Q: 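Handing you this structure, nothing more for now.
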Amino acid sequence: MHPDCARAARSAALLCERLGHDVVETTARYRPDDVGRTSGVLMGADLVAQIDARLDRLGRPLADDDIEPFTRVLYDAYRALPAADVSRALRRAQEIGWAVGAAFDEVDVLLSPTLARPTPPLGTLDTADPESIYRHASVYAAFTSVHNVTGMPAMSVPFGHDSRGLPLGVQFAARLGGEGTLLALAAQLERSAPWETARQATS
């Protein structure tokens with residue numbers, strides 16, 4: 001994790017303490033590489049299904065300029081994905097959900113940076129450059145992918161700036177069905193540290 005991102009999360013934790021919340025440190029109950037593999041299979045299979053359904057409605061094959069280059073790479077890679085791999089990924093997603101969900105026996109929300117790295121330079125995550133996406137996307141998504149896989153609600157809140165003055169975010173996640181908790185917390189944070197005021201103060 002980049003120090004700027006860790007600093008933003010610590011600052012958010014301190015603000016939560018000042019607002020009267022009890023803040024404790026915990027360890028992530030998942031491995032980002034495991035989540036990344038599971039997410040990749042599930043998203044890839046769904047991507048193929050959606051594109052094929054659209055082509056079926058159009059009544060024609062996929063044209064070269066129908067989708068972005070990175071999407072085409074994924075489509076071609078996952079078209080022959082065995083059904084057993086999808087079934088295994090679905091089971092693994094459920095297991096990850098159980099492990100992460102157990103944390104909510106002890107806490108109401110989980111706080112982390114939104115991204116593991118500060119705002120990337122323009123072009124780093126360019127869908128026209130599949131190789132760059134493969135190299136960098138999983139690093140940036142280390143804290144967010146798990147909630148896409150498990151379906152647990154999460155929100156990204158703007159919080160501070162990196163050493164270049166670019167915005168940072170922190171992420172709060174809640175148990176399944178915990179959207180109300182997140183929205184209440186978001187309102188409290190916005191009243192206490194409104195983004196527009198914070199941005200102007202550092203500009």
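All of these numbers come straight from a predicted model, not from anything done at the bench. All heavy atoms count here, side chains included; hydrogens, waters and symmetry mates do not.
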Q: Which value, rounded to the nearest 0.5 Å, describes the distance between Asp4 atom CG and Leu168 atom CG?
A: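 Answer rounded to 0.5 Å: 6.0 Å.
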
Q: State whether the number of non-hydrogen atoms from other residues, nucleotides or ligands found under 6.0 Å of Glu190 atom CD is greater than 12.
A: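 Atom CD in Glu190 is not packed in, count stays at 12 or less.
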
Q: Looking only at heavy atoms, which two atoms of Tyr140 and Pro118 are closest? And how far apart?
A: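 Reported closest heavy-atom pair: CE2-O, 3.2 Å.
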
Q: One thing to verify: whether Arg60 and Asp66 come together as a salt bridge, which I'm taking to mean a side-chain N less than 4.0 angstrom from a carboxylate O.
A: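 Looking at Arg60 together with Asp66, the answer is yes, because their closest N to O distance falls below 4.0 Å.
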
Q: Yes or no on salt bridge (charged side-chain N to carboxylate O under 4.0 Å, His left out) for Glu95 and Arg31, after CA distance, side-chain angles and deciding distance?
A: CA-CA 12 Å; Glu95 291 165 355; Arg31 298 193 318 274; over 6 Å; no

Q: For Arg117, enumerate each residue passing the salt bridge (Lys or Arg N to Asp or Glu O under 4.0 Å) test, keeping only those at least two apart in sequence or located in another chain.
A: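 Applying salt bridge (Lys or Arg N to Asp or Glu O under 4.0 Å) to Arg117 gives none.
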
Q: Hey, does the side chain of Ser145 reach the backbone of Ala141 with a donor-acceptor pair shorter than 3.5 angstrom?
A: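 Confirmed, Ser145 side chain pairs with Ala141 backbone.
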
Q: Among residues two or more places apart or on two chains, list those pairs meeting ring-ring contact (aromatic ring centres under 6.0 Å, His included) that have a residue in residues 1-41.
A: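 Sorted pair list comes back empty.
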
Q: Can you tell me how far CG of Leu47 sits from OH of Tyr78, rounded to the nearest 0.5 angstrom?
A: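 The distance works out to 9.5 Å.
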
Q: side-chain hydrogen bond (donor to acceptor under 3.5 Å, both in side chains) with Arg57: which residues, sequence neighbours excluded?
A: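 Arg57 satisfies side-chain hydrogen bond (donor to acceptor under 3.5 Å, both in side chains) with no residue once adjacent residues are dropped.
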
Q: Do other residues, nucleotides or ligands put more than 12 heavy atoms under 6.0 Å from Asp33 CG?
A: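 Atom CG in Asp33 is packed in, count exceeds 12.
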
Q: Taking distance alone, no hydrogens or angles, what donor-acceptor pairs closer than 3.5 Å link side-chain atoms of residues 37-44 to residues at least two apart or in another chain?
A:
residue : atom : partner : partner atom : Å
Thr38   : OG1  : Asp34   : O            : 3.0

Q: For the CZ atom of Arg72 and the CD1 atom of Ile51, what is their distance to the nearest 0.5 Å?
A: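 Arg72 CZ to Ile51 CD1: 8.5 Å, rounded to 0.5 Å.
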
Q: So with a 6.0 Å cut-off around CG of Asp64, is the heavy-atom count from everything else above 12?
A: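 Result for CG/Asp64: open.
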
Q: Not counting sequence neighbours, which residues clear salt bridge (Lys or Arg N to Asp or Glu O under 4.0 Å) with Arg79? List them please.
A: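 By the salt bridge (Lys or Arg N to Asp or Glu O under 4.0 Å) rule, Arg79 matches no residue at all.
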
Q: Please go through Val157's hydrophobic cluster and name the other residues, only I, L, V, M, F, W, Y counting, with side-chain heavy atoms under 4.5 Å joining them.
A: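 Besides Val157, the cluster holds Leu15, Leu19, Val109, Leu111, Met155, Phe159, Val170, Phe172, Leu182, Leu185, Leu189.
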
